[in-house]
Amino acid sequence: MPTPFWSACAVLALAAVVAVPALADGLKDEIAPTGKLRVAIAISPAGGAFWSTKTEAGYAGVPVDLGKEMAAQLGVPVDYVAYQNSGQITDAAGKGAWDVTWLPKDPEREIRMMFGPIYEVADATYIVKVGSAVTNFATLDQPGIKVAAVNATTTMRGAVAHLKNAKVTGYQTYDEIFGLLKSGEIDAFALSRDQLNKMAQKLPGTKVLDETFKKTVTAVAVPLGHSQALAFATKFMNEAVTNGTLRKVYDNNGLKDTPIRTE
């Protein structure tokens, strides 16, 4: 006949066994309510630590690989929800359209979603069109100068705050702005330096300005109120930095020379 002590131990052991799957089920209900982990991504040929690209097999990019790894840890399939830019991802945050994303963080977005650890810090600047007389920020910020940015993004908000005389206009896609810069219909494009350097290689004669007007930080994010999801995403990203997963993801997406900057 079991003693009261051993009976109590057995009850505690059973409670622990039951509690683990219950906690896991609660997390999955919050972070993957459809049975899949819906990862919001923004599509562009720009690449880098935020943008993803469309491929024949589906999608590629840092957020794509991170989403796949996160879904594997949760034990659920991954489902990518594609948008044209980070502003559209932000607008969908309260609509139940996605479960997790990786995108630039700023105060305006912090009231619309919950952010975890920063994994990238980028310098924002401008690229100017072929034949432009603009050589620095002073010559750029003049009446009549047309500056483009991806609509409703942290970079666009930064450019609007930075430029007092030049006109900043938002466009939905990177491709549209690329075409406008190539044709000379705009004078400059505001974006992160690494992406503009790649653009300059495709558009010989354009120039990326040396100065920086904003530091853009990129982080994992979940919809408001999803505290269990945020705790899991935070743990996931911290481990991805320390165990080499993030470095591998960068390397697999053409970012072998890009350092991981966590602020």
Side-chain angles (χ1 to χ4, degrees), residues 30-34 36-55 58-71 74 76-122 124 148-160 170-178 190-192 194-195 214-227 229-230 232-234 236-237 240 246 249 253:
E30 183 175 283
I31 199 170
T34 64
K36 297 180 179 181
L37 182 67
R38 297 170 300 170
V39 179
I41 57 174
I43 302 302
S44 162
F50 160 64
W51 292 98
S52 297
T53 57
K54 185 78 172 69
T55 68
Y59 300 103
V62 170
V64 171
D65 288 354
L66 290 174
K68 182 178 180 181
E69 179 67 23
M70 182 180 284
L74 289 165
V76 298
V78 65
D79 182 25
Y80 299 107
V81 185
Y83 295 90
Q84 292 181 311
N85 57 57
S86 59
Q88 291 182 354
I89 294 176
T90 302
D91 289 341
K95 299 177 181 178
W98 54 263
D99 305 310
V100 67
T101 190
W102 286 264
L103 81 172
K105 168 185 174 182
D106 68 8
E108 183 167 319
R109 287 182 178 162
E110 287 183 281
I111 64 175
R112 304 180 70 180
M113 61 185 79
M114 301 166 71
F115 284 90
I118 292 166
Y119 70 96
E120 189 231 10
V121 182
V150 180
N151 194 51
T153 60
T154 61
T155 304
M156 179 174 174
R157 286 189 282 274
V160 169
Y171 297 88
Q172 286 296 335
T173 69
Y174 171 103
D175 286 343
E176 182 180 10
I177 300 173
F178 182 95
L191 201 64
S192 68
D194 58 341
Q195 292 160 353
K214 176 181 173 61
K215 296 283 187 181
T216 300
V217 297
T218 305
V220 64
V222 300
L224 289 176
H226 291 199
S227 55
L230 180 62
F232 177 82
T234 296
F236 171 86
M237 288 304 299
L246 186 58
V249 168
N253 287 281

Please examine the side chains of I31 and L37, heavy atoms only from C-beta on, and report whether any two atoms are closer than 4.5 Å.
yes
First locate atom CG of L191, then atom OG of S44, and finally report the distance between them rounded to the nearest 0.5 Å.
7.5 Å
With side chains defined as the heavy atoms from C-beta onward, is the minimum distance between R109 and F115 less than 4.5 Å?
yes
Could you tell me whether the side chain of L103 reaches within less than 4.5 Å of the side chain of M113, counting heavy atoms only?
yes
Quick one: are F50 and T101 in side-chain contact, heavy atoms under 4.5 Å?
no
Residue set satisfying salt bridge (charged side-chain N to carboxylate O under 4.0 Å, His left out) with K68, at least two apart, ordered chain then number -> none
Hits for side-chain contact (heavy atoms from CB on, under 4.5 Å) against M114, two or more places apart or cross-chain, chain-then-number order -> V222, L224, L230
Side chains of Y119 and T218 in contact at under 4.5 Å (non-hydrogen atoms)
yes
Would you indicate whether the side-chain heavy atoms of R157 and T154 approach each other to under 4.5 Å?
yes
Are side-chain heavy atoms of V100 and V220 found at a separation under 4.5 Å?
yes
With a 4.5 Å cut-off on side-chain heavy atoms, are Q172 and N151 touching?
yes
Do the side-chain N and O atoms of R112 and T90 include a donor-acceptor pair separated by under 3.5 angstrom?
no
Is there any salt bridge (charged side-chain N to carboxylate O under 4.0 Å, His left out) pair reaching into residues 95-105, and which pairs are they, with sequence neighbours excluded?
R38-D99, K105-E110
Using modelled atom types only, decide if a donor and an acceptor are shared between the side chain of E30 and the backbone of A229 within a distance under 3.5 Å.
yes
For D175 and T173, does a side-chain donor sit closer than 3.5 Å to a side-chain acceptor?
no
